[in-house]
Amino acid sequence: MKTGIPLEEAQTLLLNFTHPVTECQVSLTSAVGRILSQDVRTGINLPPFDKSPLDGYALQAKDTELANSSNPVTLEVIEEVQAGYMPKKQVTPGTVTKVMTGAPIPNGADVIVKFEDVKRAGNKVELYYPLKAGNDIIRAGEDLRQGEVIAKRGTVLTPPLVGLLAAIGVDEIPVFSKTRIAILSTGDEVIDPAEELRPGKIYNSNQHFLSAYCSQLGAAPVAMGIVPDEKEAIVERLTQALDLADLVITTGGVSVGDYDIVPAAFKEIGADIIFRKIDMKPGSPMIAASYNNKLIIGLSGNPAAAYITFDLIVVPLIKIMLGLDQKMPPKILAILKDSFNKSSTQRRFLRAKVQTINNTNYIELTGAQSNGVLKSMVACNALIDVPAGSGPLVAGQEVSAVMVGSGSELFI
Ligand code: AMP
Ligand code: MG
């Protein structure tokens with residue numbers, strides 16, 4: 001077992017351990033937000049046939065060569081075609097077919113003229129200007145060609161993509177299964193937000209932050225409730241969680257206090273400890289283990305520590321399990337807008353908000369940075385990466401930061 005390892009080593013150790021997810025099929029109605037597990041090609045042309053973009057008449061452009069406002073050309077209407085029906089007659093010189101928007105173009109016709117631009121009298125129409133062959137015809141395959149890849153494996157299904165799949169007649173869509181993530185909160189002091197607050201107790205925020213984040217990523221959170229700081233209780237609930245989920249996350253009880261017995265519970269169920277403690281602040285107390293090819297990750301109970309380690313270490317794992325393309329949080333350089341007065345003996349991540357103005361990134365702290373502070377997570381879209389051994393940070397200096405996705409601006 002490794003201890004006190006750098007963040008990057010922890011990320012790599014766990015990424016190597018993460019298994020690809022399974023695949024399933026979903027219908028169009030439940031496809032939005034899911035991730036394609038295969039490239040999808042269209043089996044048909046879109047549109048499938050040449051069609052009219054407007055209500056008008058289909059004819060041969062050469063019939064109109066000599067038309068002008070004082071000498072209109074008169075042509076005979078031979079058929080009327082509604083959208084959804086096939087023309088029965090061929091358009092020949094001197095004839096036109098009335099077509100509605102979306103109707104197939106009759107054979108022989110090479111142009112469409114709008115209703116408004118002709119004069120109709122009985123079964124005749126008068127045309128007043130020459131038309132150009134090919135105008136106002138939507139060609140088969142103009143939107144998509146048969147065989148074309150419309151979306152690649154790893155793509156998130158957005159509403160327009162769902163519409164496109166429907167347009168090419170794909171109803172059963174191959175997607176990655178939703179990763180089930182069990183979330184278990186530990187701590188005698190932790191109570192459910194639905195309960196009345198009692199002296200010495202705090203509400204369970206970690207459970208709800210983590211569940212919400214998992215849902216937003218497209219995973220399926222499995223709420224495992226709250227267990228007290230008792231080894232047997234944790235062991236029992238952990239065992240249930242491992243049955244129900246692909247990945248198990250616990251919060252609380254991983255530091256060095258008298259009641260920090262989560263690592264002991266991991267060992268008790270027979271899990272192999274991969275590492276304990278990370279060399280960063282906040283979030284140093286953390287444990288990762290594996291059991292029957294499933295990862296169990298114990299995060300600190302401190303909300304900011306849990307949030308930050310989840311963003312930096314667990315989210316990339318979930319993305320792999322979900323089948324998403326982009327995995328590691330993107331890194332940027334930015335100009336610091338305010339100052340941070342503390343020195344950092346250990347590597348430190350600061351909650352911040354980055355904004356890009358004229359191609360330059362500017363970053364500012366989102367509020368107080370201590371471990372227990374939740375408020376500064378709300379506007380946070382980036383974490384400033386302060387190297388170990390740094391002095392105070394001053395406004396105007398360049399800093400490196402990692403983009404994270406739980407705050408106001410989602411990047412997936
Ligand atoms: P621990 O990791 O158990 O040492 O807890 C560190 C701090 O986080 C303590 O102040 C706990 O009360 C708090 N804490 C633990 N679990 C939660 C939770 N689920 N939600 C909010 N705060 C928590
Ligand atoms: Mg505790």
[X] side chain to [Y] main-chain N or O, any donor-acceptor pair under 3.5 Å?
X    : Y    : result
S376 : Q369 : no
D143 : P47  : no
E79  : K88  : yes
N204 : D192 : no
R120 : G122 : yes
Q60  : V91  : yes
S339 : N341 : no
Y203 : E195 : yes
Q346 : S344 : no

Under the rule for ring-ring contact (aromatic ring centres under 6.0 Å, His included), what residues qualify as partners of Y57, not counting sequence neighbours?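 Here the qualifying residues are F115.
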
List for me each residue that meets ring-ring contact (aromatic ring centres under 6.0 Å, His included) alongside F349, sequence neighbours excluded, and say none if there are none.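 Testing F349 for ring-ring contact (aromatic ring centres under 6.0 Å, His included), a comparison that skips the adjacent residues, returns none.
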
What residue among L295, L322, T179 forms side chain to side chain contact (heavy atoms under 4.5 Å, CB included) with L317?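 Exactly one option meets the side chain to side chain contact (heavy atoms under 4.5 Å, CB included) with L317, and it is L295.
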
Member of N135, L131, T101, I105 meeting the side chain to side chain contact (heavy atoms under 4.5 Å, CB included) criterion with I112: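 Testing I112 for a side chain to side chain contact (heavy atoms under 4.5 Å, CB included) against N135, L131, T101, I105 leaves exactly one candidate, I105.
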
Taking the side chain as everything from C-beta on, heavy atoms only, tell me whether [X] gets closer than 4.5 Å to [Y].
X    : Y    : value
P263 : R276 : yes
V96  : V113 : no
Q90  : T95  : no
R34  : C24  : yes
D63  : L127 : no

Decide if atom [atom1] of [X] counts as having more than 12 heavy atoms of other residues, nucleotides or ligands within a radius under 6.0 Å.
X    : atom1 : result
Y85  : OH    : no
K331 : NZ    : no
K281 : NZ    : no

Tell me, please, which residues at least two apart from E398 pass salt bridge (charged side-chain N to carboxylate O under 4.0 Å, His left out).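 Salt bridge (charged side-chain N to carboxylate O under 4.0 Å, His left out) check on E398 returns nothing, list empty.
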
Please identify each residue that fulfils side chain to side chain contact (heavy atoms under 4.5 Å, CB included) with A140, with sequence neighbours left out.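 Partners of A140 under the side chain to side chain contact (heavy atoms under 4.5 Å, CB included) test: D50.
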
Apply side-chain contact (heavy atoms from CB on, under 4.5 Å) to the pair F340 and R348, showing each step before the final yes or no. CA-CA 12 Å; F340 180 69; R348 190 200 288 272; 3.6 Å; yes

Would R347 and E8 pass as an ion pair if we require N to O under 4.0 Å?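 Yes, charged N to carboxylate O under 4.0 Å.
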
Yes or no on side-chain contact (heavy atoms from CB on, under 4.5 Å) for F310 and I318, after CA distance, side-chain angles and deciding distance? CA-CA 10 Å; F310 184 77; I318 296 175; 3.7 Å; yes

Give every residue pair that meets the side chain to side chain donor-acceptor pair (under 3.5 Å) criterion with at least one member in residues 231-242, sequence neighbours excluded.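 Of all non-adjacent pairs touching residues 231-242, those that pass side chain to side chain donor-acceptor pair (under 3.5 Å) are K231-E268.
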
Can you list every side chain to side chain donor-acceptor pair (under 3.5 Å) pair that touches residues 245-259, not counting sequence neighbours?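 Checked against side chain to side chain donor-acceptor pair (under 3.5 Å) - neighbours excluded - the pairs reaching residues 245-259 are R180-D246, S255-D260.
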
